[in-house]
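To keep things clear, I will list the structure first and then write my remarks on it.
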Amino acid sequence: MREGLLPSTVATVLELETSGDKARALTELLGEVFDPTETAVSAFEVETGVTTLSLNAPWKVEIYFATHPDEDAVRDMLRPIVGDSIDSTPFTTVNQKDWVAASLEGLQPVRAGRVLVHGSHDREAVRINDVAIEIAAALAFGTGHHGTTAGCLLALDAELKKRRPRNAIDVGTGTGILALALAKQVKRKVVAGDIDAIAIEVSAHNARINHAPQALDLYVAPGLCHAKANRPRHFDLIFANILAGPLRKLAPAIARALSDDGTVILSGLLEMDVAGVVSAYRHQGLALAQRTSREGWATLVMKRGGAAVRPRRLY
């Protein structure tokens with residue numbers, strides 16, 4: 001369950017509004033319970049015209065199911081978090097043809113630094129100096145529009161103004177947006193992995209339609225558990241745009257793979273998750289260099305120089 005990739009088909013959608021803390025709890029629960037190839041979740045702050053960082057502000061949660069779920073079972077699972085209002089929240093049946101059309105209609109070009117993420121219907125929006133990333137409409141959910149992806153693209157833009165990475169990896173690449181944005185700018189192949197084989201197929205497809213079929217060195221495996229990724233002190237730029245729980249668990253592996261002068265860009269976490277994630281990486285010797293917020297989601301840039309690595313207990 002990760003921002004940027006829907007199941008290959010969508011049969012049912014459940015939409016509800018709640019607070020930010022409950023949205024976070026729902027995201028973590030659904031990520032633990034459901035197969036990520038069958039179910040996806042999106043959570044984002046509802047625009048009210050008032051700037052607020054409160055997790056009590058209204059948030060919208062959208063849950064997408066590849067097959068129609070047991071509605072009663074899902075309601076029973078969510079009721080302890082959102083209360084009895086879930087009983088009156090309808091499940092909506094989605095027609096696949098209508099979904100593709102809706103995606104196409106809703107996908108507007110999104111600019112983050114030099115990068116422009118767009119659909120095929122908006123190619124005329126590309127400027128001469130843009131780094132354009134085209135995404136097929138049926139796969140457009142969350143790509144570049146979600147605060148986490150846009151936050152990472154802006155962090156990448158800032159990093160490239162300082163230096164050009166030699167070896168980079170995108171952990172949990174999803175649709176491959178971040179890896180492609182980097183590869184097209186530095187003219188070097190970027191390692192990109194995901195636990196979901198369908199995500200890797202999508203990334204490869206996106207590389208082809210962006211005329212960069214050799215830009216990504218793809219692998220299927222959890223985290224960095226692959227020969228292409230498990231390379232100590234090798235990567236001078238690491239992306240990980242997933243969720244707070246996996247980010248904390250991946251801290252030792254990411255720190256091990258980071259070069260001495262490397263940079264880590266992390267996202268997929270709500271503001272209330274920041275302290276725990278920063279602490280996990282500080283214990284691996286990384287320090288917070290920059291923190292930004294977009295649409296209620298935080299993006300962290302971390303570099304070596306944090307607390308000493310915590311000793312491992314042997315008993």
> With a 4.0 Å cut-off, would you call D217 and K189 a salt bridge?
Replying inline: no
> Taking NZ, NE, NH1 and NH2 as the nitrogens, is one of them in R79 or D76 under 4.0 Å from a carboxylate oxygen of the other?
Replying inline: yes
For [X] and [Y], work out which heavy atoms get closest and say how close.
X	Y	answer
P69	V74	CB-CG2, 4.0 Å
N230	R256	OD1-NH1, 4.4 Å
V186	R164	CA-NH2, 3.2 Å
A229	F235	O-CE1, 3.3 Å
A181	V131	O-CG1, 4.2 Å
A150	A112	O-CB, 4.1 Å

So, [X] side chain and [Y] main chain: donor-acceptor pair closer than 3.5 Å or not?
X	Y	value
K60	E15	no
T92	T12	no
S203	G174	yes

What distance separates [X] [atom1] from [Y] [atom2], expressed to the nearest 0.5 Å?
X	Y	atom1	atom2	answer
I177	I133	CD1	CD1	6.0 Å
L182	I169	CG	CD1	12.0 Å
T89	E71	OG1	CD	11.0 Å
D261	K303	CG	NZ	8.5 Å
L288	S279	CG	OG	12.0 Å
I265	M302	CD1	CE	12.5 Å

Would you say that [X] contacts [Y] through its side chain, given a criterion of any heavy-atom pair below 4.5 Å between the two side chains?
X	Y	result
L178	L153	yes
V61	V82	no
I63	L26	no
S259	L237	no
L78	L30	yes
N167	V191	no
F239	I254	no
T173	I200	yes

> So L250 and I242, side chain to side chain contact (heavy atoms under 4.5 Å, CB included) or not? Walk me through it.
Replying inline: CA-CA 11 Å; L250 284 170; I242 37 182; 3.5 Å; yes
Please check if [X] and [Y] belong to a single hydrophobic cluster, counting links between Ile, Leu, Val, Met, Phe, Trp and Tyr side chain heavy atoms closer than 4.5 Å.
X	Y	value
L216	V220	yes
L116	L156	no
V190	L154	no
L180	V126	no

> Are R114 and D157 close enough, and set up right, to give a salt bridge (charged side-chain N to carboxylate O under 4.0 Å, His left out), and what steps lead you there?
Replying inline: CA-CA 7 Å; R114 290 186 59 213; D157 185 65; over 6 Å; no
>> Assess the residue pair T292 and R294 against the criterion (side chain to side chain contact (heavy atoms under 4.5 Å, CB included)); give the C-alpha distance rounded to whole Å, side-chain angles, the decisive distance to 0.1 Å, and a yes or no.
In response: CA-CA 7 Å; T292 59; R294 189 181 179 95; over 6 Å; no
> Got a sec: does the NZ of K228 have more than 12 other heavy atoms crowding it under 6.0 Å?
Replying inline: yes
>> Test side chain to side chain donor-acceptor pair (under 3.5 Å) on E271 and S293; report intermediate values, then the result.
In response: CA-CA 8 Å; E271 293 292 338; S293 180; 2.6 Å; yes
>> Assess the residue pair V202 and D194 against the criterion (side chain to side chain contact (heavy atoms under 4.5 Å, CB included)); give the C-alpha distance rounded to whole Å, side-chain angles, the decisive distance to 0.1 Å, and a yes or no.
In response: CA-CA 11 Å; V202 171; D194 203 287; over 6 Å; no
>> Go through it in stages, so that I can follow the logic: the residues are R304 and L258, the test is side chain to side chain contact (heavy atoms under 4.5 Å, CB included), and I'd like the CA-CA distance, side-chain angles, deciding distance and then a yes or no.
In response: CA-CA 9 Å; R304 292 203 180 275; L258 186 67; 3.7 Å; yes
> Which class fits the ring pair W59 and W297: parallel under 30°, tilted 30 to 60°, perpendicular over 60°?
Replying inline: perpendicular
>> My understanding is that only residues two or more places apart in sequence, or in another chain, count here; which of them pass side-chain hydrogen bond (donor to acceptor under 3.5 Å, both in side chains) with D130?
In response: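 Partners of D130 under the side-chain hydrogen bond (donor to acceptor under 3.5 Å, both in side chains) test: R111.
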